[in-house]
Amino acid sequence: MPEGHTVHRIAGLFRDVFQGQSVVASSPQGRFHDGAELISGSVLERAEARGKQLFLHFERERIVRVHLGIYGAWDVMTLQGESMRAGSPQTLSLGAPRATRRRLGEREKSYDADEPFPPAPRGAVRLRLETLDVVADLRGPTACEVQTPEESAAVLARLGPDPLLDRGIRGQREFVRRVGSTSRPIGVVLMDQAVVSGIGNVYRAEILFRHGLDPYQPASSLPEETAVALWKDWAKLLADGVKTGVMLTRNDLDAAGRTRALRVAKDRYFVYKRAGLPCRVCATDVQMALMATRKLYFCPQCQRS
């Protein structure tokens, strides 16, 4: 499932390529036909993310809310350019213009697509956003709907703080308050978007390991200073993920090791998807269990109550 850093990167990309422009919207799949008609030809005024939720604000107070869920992803395609911004009107093209494709979902990648621009929709495209030089295709989201400002505000009110939006002491205090108000296991609480926005299965496992916390420990039993440390760590990891596009959670790497881990996924984590392998710290086998229907990875030695 795409986690918070990915959705913030999508919002940033959409601000770069769509904001302030009139956007043609369609639903090749057909499931979002009515919604696409409501926004087609409108100017995208701004794109915002909170946690795993993306909000695209169009003219006439129409907001498209997108939650990628487990399988959702955006494919963003631009015309190729060299010295200028890809797809700028000044870009020269010999023959049919070609596309540069970028996939933003749980895994992010870019590649040159050997196809004319704009490319035909591939697969079940729920929503296509298009200008003269950029196309964005949405596939497989959990949610894609047009909302009023009031409806979007109601969604936002149910979400926990996001370190990139709720900076400073206020966001920290709200996170500490929400963690301390429930006796559910901390491994469940960190995945609850009503407590804190943006943490998914990878960051949950890694943050717990980085702080030596038993995933089954009641959240309300954590000392306040531990909850504060969790918030600050999440803020640091989220900012780094937005910058690099990669969930790299190991803090035991030198510069060369970090460079390699940015390229090689198996070197990025302490425990995530390492069940049966030795813990990188104590050599005990990493364990996997189900917690609230999601796979939980942890070290039984390093993460003891």
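Ion pairing between a basic and an acidic side chain is recognised when a charged N comes within 4.0 Å of a carboxylate O; E48 and R50 show no such pairing. The residues D240 and R258 are annotated as salt-bridged, a charged nitrogen and a carboxylate oxygen being separated by less than 4.0 angstrom. Of the charged side-chain nitrogens involved, at least one lies within less than 4.0 Å of a carboxylate oxygen, so that D233 and R210 count as a salt-bridged pair. Using a cutoff of 4.0 Å between basic side-chain nitrogens and carboxylate oxygens, D75 and R122 are not scored as salt-bridged.
Between the side chains of T249 and E206, at least one donor N or O sits under 3.5 Å from an acceptor N or O.
Closest non-hydrogen pair, V196 versus I199, comes out as CG1-CD1, 3.9 Å. Closest approach of V242 and R9 over heavy atoms only: O-NH1, 2.6 Å. Shown here for L159 and S197, the closest heavy-atom pair between the two residues is CB-OG, 3.7 Å. The shortest heavy-atom contact between G69 and T142 is CA-OG1, 3.0 Å.
Aromatic rings of F14 and W74 (six-membered ring for Trp) have centroids within the 6.0 Å cut-off, being under it.
Between D285 atom CG and L277 atom CG the span is 8.0 Å, to the nearest 0.5 Å. Rounded to the nearest 0.5 Å, atoms NE2 (H5) and CD1 (I10) are 9.5 Å apart.
Y203 and L190 fall within a single hydrophobic cluster, where Ile, Leu, Val, Met, Phe, Trp and Tyr are joined by side-chain heavy atoms under 4.5 Å apart, directly or via other members.
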* To do: Go through the steps to decide whether E174 and R178 satisfy the test salt bridge (Lys or Arg N to Asp or Glu O under 4.0 Å), and finish with yes or no.
  => CA-CA 6 Å; E174 185 59 21; R178 296 187 186 206; 2.6 Å; yes

* Can Q217 and S221 be said to form a side chain to side chain donor-acceptor pair (under 3.5 Å), step by step? -> CA-CA 7 Å; Q217 181 175 348; S221 71; 3.2 Å; yes

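H57 and F55 have tilted rings, their planes meeting at an angle from 30° to 60° on a 0 to 90° scale.
A salt bridge (charged side-chain N to carboxylate O under 4.0 Å, His left out) with D192 holds for exactly one of R184, R204, R294, K52; it is R184. Put simply, the residue from R31, R62, R65 that forms a salt bridge (charged side-chain N to carboxylate O under 4.0 Å, His left out) with E145 is R65.
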